[in-house]
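Working notes, structure below.
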Amino acid sequence: MSTPTIEDAPQAGNPHSAGLDAAESGKVELITITVRIRRFNPEEHPDAVWVDYQLTVDPKIRVLDAINTIKWEQDGTLTYRRSCAHGVCGSDAMRINGKNRLACKTLIKDVSPEKPITIEPIKGLTVLKDLVVDMDPFFQAYRDVMPFLITTGNEPTRERIQSEEDVQRFEDTTKCILCAACTTSCPVFWNDGQYFGPAAIVNAHRFIFDSRDEGAEQRLEILNDRDGVWRCRTTFNCTDACPRGIEVTKAIQEVKRALVTRRF
Amino acid sequence: MPAGTLYRGREGMWSWVAHRVTGVLIFFFLFAHVLDTALVRVSPEAYNSTIATYKTWPVNLMEYGLTAAILFHALNGLRVIAVDFWAKGPKYQRQMLWTVVTVWVVLMAGAFYPILQETLRNWFG
Ligand code: HEM
Ligand code: SF4
Ligand code: FES
């Protein structure tokens, strides 16, 4: 979608959307929302509890803005991770209305603000406090697939040439920001945290199908483990959850097929 | 730690749940079926009386349910195989699921009378 500029501003008489009218007049219609957050503080209480917060906001702000407002104006003890606020760093994956999303890429108007908006930590990793989970097992699985270029022989003096066609084989999986939305949406991972999980497989895929890399055999052997790709039951939760639009299940299936055919 | 809300997965998650539930159901049916058939070696009379209880309407309804479970499991199993082996399978998994559900509904409608005719005749003459 292009940003409206002076040149393509609608002429008098052109159809004009209500939204555009409101935007141009500078009027913002505020709505009152309830944000229902699953809070947990092991130092105070052994169980997690739901706490409701009411706030009046522009429906076009993001869920992260709403949470920030709660922290800054209502309860400073609310704990969560965020950094870039623009869908780049991958630190604010959380479960909003039952689905994994990045709070900074989700608009209030898109999560049925007429009903309470539920916010929970991502599932399957130990909750440390409120929305903060222990990411160590997640990053360990990532490290275990050796997510770096493996080559043999002497370093070339020039770039490692790669055709456009060869790039396309793994281009999709280079987009990962390691937010864990996929891995923590996976029913197999919830039941068994030993499973490598979609994110680790996505990042293995990124190198397995890279024509410059020579470590594919090693990575495939790692993922041939009983906790590797074969645990995937193709529920597609990971694909639906990925904020970068990576076709996660497709990547996992390509790794499975590479293990069967030994072609990559 | 209480689990919180149910994860709101889409078609893929629910088709997997249905696939596992029907798979386990079929397994238990086969388990019972092996036992009741083996009964004929123990005592033909006991076998006959067991099979006689199968000719009642609750068991007839269960037969229709079993057909539903096997048909869904088999059709969706073909979809899972396509997702596994066909490069475009993951892309079209949703369309394939709705195809599976449509074929399943048509076959279940077709099986309605043939399977339930005894019970229907008893109830409605
Ligand atoms: C009619 C022919 C059948 C076909 C085409 C079929 C196909 C499949 C496929 C492809 C899977 C793998 C699903 C996945 O990876 O997510 C599967 C799983 C399974 N099947 Fe079947 N199946 C059939 C019959 C049976 C029978 C007769 C039983 C019971 C004894 C059974 C029980 C199961 C169970 C328990 C699972 C595991 C489900 C899971 O892991 O989620 N299936 N089936
Ligand atoms: S594949 Fe997508 S959902 Fe998974 S960690 Fe990477 S960016 Fe997040
Ligand atoms: S805060 Fe960086 S991805 Fe949302």
Side-chain angles (χ1 to χ4, degrees), chain A residues 36-40 42 45-50 94-101 111-112 116 118-128 131 133 172 184-191 229-230 232-241 246-254 256-257 260-261, chain B residues 1-31 66 68-105:
Chain A
R36 182 167 292 169
I37 304 180
R38 194 145 181 92
R39 303 221 34 196
F40 172 62
H45 196 79
D47 296 322
V49 286
W50 289 105
M94 50 188 76
R95 202 142 65 92
I96 302 168
N97 281 357
K99 278 184 195 170
N100 284 358
R101 313 175 211 239
V111 288
S112 327
T118 63
I119 299 181
E120 296 157 84
I122 47 179
K123 213 168 136 101
L125 293 165
T126 308
V127 182
L128 301 177
L131 304 175
V133 299
D172 196 36
T184 58
S185 75
C186 176
V188 177
F189 182 76
W190 301 333
N191 289 325
V229 283
W230 305 113
C232 166
R233 297 258 78 82
T234 59
T235 74
F236 288 92
N237 276 10
C238 52
T239 304
D240 292 337
I246 297 172
E247 292 178 274
V248 182
T249 311
K250 182 167 171 245
I252 298 174
Q253 297 299 73
E254 284 174 3
K256 286 182 189 166
R257 281 204 297 276
V260 174
T261 63
Chain B
M1 172 82 44
T5 67
L6 190 69
Y7 193 86
R8 292 246 307 265
R10 297 189 53 179
E11 296 92 331
M13 179 171 108
W14 292 111
S15 68
W16 164 72
V17 169
H19 197 89
R20 178 161 287 188
V21 168
T22 53
V24 170
L25 216 77
I26 301 166
F27 174 78
F28 280 117
F29 159 73
L30 284 178
F31 189 77
L66 182 66
I70 293 175
L71 265 181
F72 177 82
H73 190 92
L75 292 170
N76 190 55
L78 298 178
R79 166 178 164 272
V80 172
I81 291 168
V83 167
D84 285 338
F85 291 103
W86 177 37
K88 293 206 172 110
K91 189 168 169 202
Y92 293 113
Q93 59 97 5
R94 214 161 264 146
Q95 288 87 331
M96 288 195 288
L97 178 64
W98 294 119
T99 310
V100 162
V101 170
T102 309
V103 173
W104 179 75
V105 167

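Side chains are part of it too, since the values below use all heavy atoms of this structure and drop only hydrogens, waters and symmetry mates. Throughout, a chain's letter reflects where its sequence line sits, starting with A, and its residues are numbered from 1.
The two atoms that bring A241(A) and Y7(B) nearest to each other are CB-OH, 4.0 Å, heavy atoms only.
For a residue to count as touching a neighbouring chain, one of its non-hydrogen atoms must lie under 4.5 Å from one of that chain's; by this rule K256(A) touches chain B with the side chain only. Within the 4.5 angstrom heavy-atom criterion, atoms from both the backbone and the side chain of R233(A) approach chain B. Within the 4.5 angstrom heavy-atom criterion, no atom of T126(A) approaches chain B.
With hydrogens and angles left out, the side-chain atoms of T234(A) and Q93(B) include no donor and acceptor closer than 3.5 Å.
D84(B) CG to R257(A) CZ: the interatomic distance, rounded to the nearest 0.5 Å, is 8.5 Å. Between atom CD of residue E247(A) and atom NZ of residue K91(B) there is a gap of 7.5 Å, rounded to the nearest 0.5 Å.
The closest side-chain heavy-atom distance from F236(A) to P90(B) is below 4.5 Å. Residues N237(A) and R10(B) are not in side-chain contact: their nearest non-hydrogen atoms beyond the backbone lie 4.5 Å or more apart.
Side chain of Q253(A) to backbone of V83(B): a donor-acceptor contact under 3.5 angstrom is found.
A search for side chain to side chain contact (heavy atoms under 4.5 Å, CB included) contacts involving R8(B) returns N97(A), K99(A), not counting sequence neighbours.
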